[in-house]
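See structure below.
So you know, we letter chains A, B, ... as the sequences are listed, proteins then strands, and number each from 1.
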Amino acid sequence: MTMQLEIGTNRLSIHGVDAFDLANTLTCGQAFRWWRVGNAYHGVVKGTLLVAEWRDESLHVEDHSVTKLCPDDFVGLVFDYFGLSDDHAQRERSLCKRDRIVAEAIRYAPGIRILRQDPWECLISFIISARNYIPSIMSTIVRLCERFGERVSSDEYEELFGTRRYAFPSASALSDGSVESIESCGASYRAKYIYGMAQLVTTGGADLDLISKQPYEEARESLMSLYGVGPKIAECVLLYSMGRYEAFPIDTWISRVMRFLYLGNPRASVREMHEFARQRFEDLAGFAQQYLFHWARTAKRAYLRTLEQNSR
DNA sequence: ATCCAGGCCATAA
DNA sequence: TTATGGCCTGGA
């Protein structure tokens, strides 16, 4: 199947997108800046306010920013962010062949893509995510954006939807604030990590662009050397913003899946889980993780909880 | 209400 | 190298 583009004024329709589930991709826990409005999803991507909707077997995206992108940049942004040039159906087939459990997870909810997010936003967002619920994460990020970010929504958008949207704040904008001001956005004890990171990036003490070009293991170490960043956050940044699909972030849900469904060992270490994932899923580990994560939290939630209870 | 969540750091063995 | 406790807050 080949894709067809229909480009209008600040709008774009893409027909024939294979293996693509917009709703699950946006709500499966990899991004925190999408809101459902009617049948559409509104989100801010790299300073551009997008309204995306899956309708009539096609993806429709509109630019509602104050300053609209030119058609080429708009198309580029959408393709890059959603990874539309990739043969995702092929990836799904490959994963299904490699593993029965992932095959079941893919059958349950196919078409989940890995978004290509902005590294800085991704890093701060996942620092906020530590020991936090998704709704809390989202509201903290909204408050950070309102306080430190720039307005992105156009007058027409604000009139139409009755709300204003803000871009994710730059490192220098956050470093102009303070630990206290970040804390009061709901960042809690993570505020010191965020403020420190903003200062470090602003002064050039950390360079995310440079890290994104390093070999996988080196990039992982570089990220983990940053105060407040452990293995989970490092791998999330690698996977969700740097296109490193061999990354395999292990949170409590993936941990349950690995311990109870794969390894049959309630006390398996994170190291063992990573080892297993690398051997089984190789270059597609990140996609396996995303399907397993969504499946575990929805279809297998109660079951995995029971297994965990019984193992105590 | 009481509990604990999509981790990390520091400390201790 | 692996195991604990503390961190803060708001939803269930």
**OP:** Could you check how far CZ of A:Arg256 sits from C1' of B:dC4, rounded to whole Å?
**Re:** 11 Å
Original post:
How about A:Phe281 and A:Phe287: are their ring centres within less than 6.0 Å of each other?
Top reply: no
Original post:
Given atom CD1 of A:Ile254 and atom C1' of B:dG7, what is their separation to the nearest angstrom?
Top reply: 15 Å
Original post:
Does A:Lys192 count as lying over the ring of A:Tyr195, i.e. NZ or CZ under 6.0 Å from the six-ring centre, within 45 degrees of the axis?
Top reply: no
Subject >> Intra- and inter-strand pairs of DNA chain C in dot-bracket (Watson-Crick or G-U wobble, both distances under 3.5 Å; | for another strand) >> reply: |||||||.||||
Original post:
Is the shortest distance from a Lys or Arg side-chain nitrogen in A:Arg278 or A:Glu246 to a carboxylate oxygen in the other one below 4.0 Å?
Top reply: no
**OP:** Say whether, by atom type as modelled, one donor and one acceptor occur between the side chain of A:Glu92 and the main chain of A:Gly111 under 3.5 angstrom.
**Re:** yes
**OP:** Any chance you could lay out the side chain to side chain donor-acceptor pair (under 3.5 Å) test for A:Ser153 and A:Glu158, step after step, and finish with the verdict?
**Re:** CA-CA 6 Å; A:Ser153 45; A:Glu158 292 175 8; 2.7 Å; yes
Subject >> Distance in angstrom units between A:Arg259 CZ and B:dG6 P, rounded >> reply: 13 Å
Heteroatom pairs (N/O) under 3.5 angstrom, protein to nucleotides 8-12 of chain C:
residue, atom, partner, partner atom, Å
C:dC8, O4', A:Ser188, OG, 3.2
C:dC8, N4, A:Arg131, NH1, 3.2
C:dC8, N4, A:Arg131, NH2, 3.0
C:dG10, N2, A:Tyr133, OH, 3.4

Original post:
Under a 4.0 Å heavy-atom cut-off, which of residues 215-249 of chain A touch DNA chain B?
Top reply: A:Leu226, A:Tyr227, A:Gly228, A:Val229, A:Gly230, A:Pro231, A:Lys232, A:Ile233
Original post:
Which whole-number value in Å describes the distance from A:Arg301 CZ to B:dG6 C1'?
Top reply: 10 Å
**OP:** Could you check which residues of residues 19-32 of chain A get a heavy atom under 4.0 Å from DNA chain B? Sort them by number, please.
**Re:** A:Cys28, A:Gly29
Subject >> Candidate list A:Gln90, A:Arg98, A:Arg91, test side-chain hydrogen bond (donor to acceptor under 3.5 Å, both in side chains), partner A:Ser94, passing option >> reply: A:Arg98
Original post:
Is a salt bridge present between A:Glu183 and A:Arg190, judged by a nitrogen-to-oxygen distance below 4.0 Å?
Top reply: no
Original post:
How long is the gap from SG on A:Cys122 to CD on A:Gln30, to the nearest 0.5 Å?
Top reply: 9.0 Å
Original post:
Do side-chain atoms of A:Asp56 reach the backbone of A:Ser58 as a donor and acceptor pair under 3.5 angstrom?
Top reply: no
Original post:
Is it the case that one hydrophobic cluster holds both A:Leu115 and A:Trp54, taking links as side-chain heavy atoms less than 4.5 Å apart, direct or via other members?
Top reply: yes
Subject >> Salt bridge A:Asp99-A:Arg280, side-chain N to carboxylate O under 4.0 Å >> reply: yes
Subject >> Spacing of the C1' atoms in B:dC9 and C:dG10 (rounded, Å) >> reply: 23 Å
**OP:** Can you tell me the distance, in whole Å, between the CD1 atom of A:Ile250 and the P atom of B:dA5?
**Re:** 17 Å
**OP:** Pick the P atom in B:dT2 and in C:dC8, then give their distance to the nearest Å.
**Re:** 22 Å
**OP:** Find the distance A:Ile134:CD1 to B:dC4:C1' and express it as a whole number of Å.
**Re:** 16 Å
**OP:** Sticking with atom C1', work out how far B:dC8 lies from C:dG11, rounded to a whole angstrom.
**Re:** 22 Å
Original post:
Salt bridge or not for A:Lys46 and A:Asp80, using N-O below 4.0 Å?
Top reply: yes
Original post:
Which residues, if any, of residues 260-296 of chain A bring a heavy atom under 4.0 Å of DNA chain B?
Top reply: A:Phe293
Original post:
Centres of the A:His42 and A:Phe161 rings: under 6.0 Å?
Top reply: yes
Subject >> Polar side chain donor-acceptor pair, A:Glu6 to A:His60, under 3.5 angstrom >> reply: no
Output a table of donor-acceptor pairs, distance under 3.5 Å, between side-chain atoms of residues 237-245 of chain A and any protein atom two or more places apart or on a different chain; print 'none' if there are none.
residue, atom, partner, partner atom, Å
A:Tyr240, OH, A:Gln290, OE1, 2.7
A:Ser241, OG, A:Val237, O, 2.7
A:Arg244, NH1, A:Gln214, O, 3.1
A:Arg244, NH2, A:Ser212, O, 2.7
A:Arg244, NH2, A:Gln214, O, 2.6

**OP:** For B:dC3 and C:dG5, measure between their P atoms and round to the nearest Å.
**Re:** 16 Å
Original post:
Between A:Trp120, A:Phe32, A:Tyr193, which is the residue that forms a ring-ring contact (aromatic ring centres under 6.0 Å, His included) with A:Phe126?
Top reply: A:Phe32
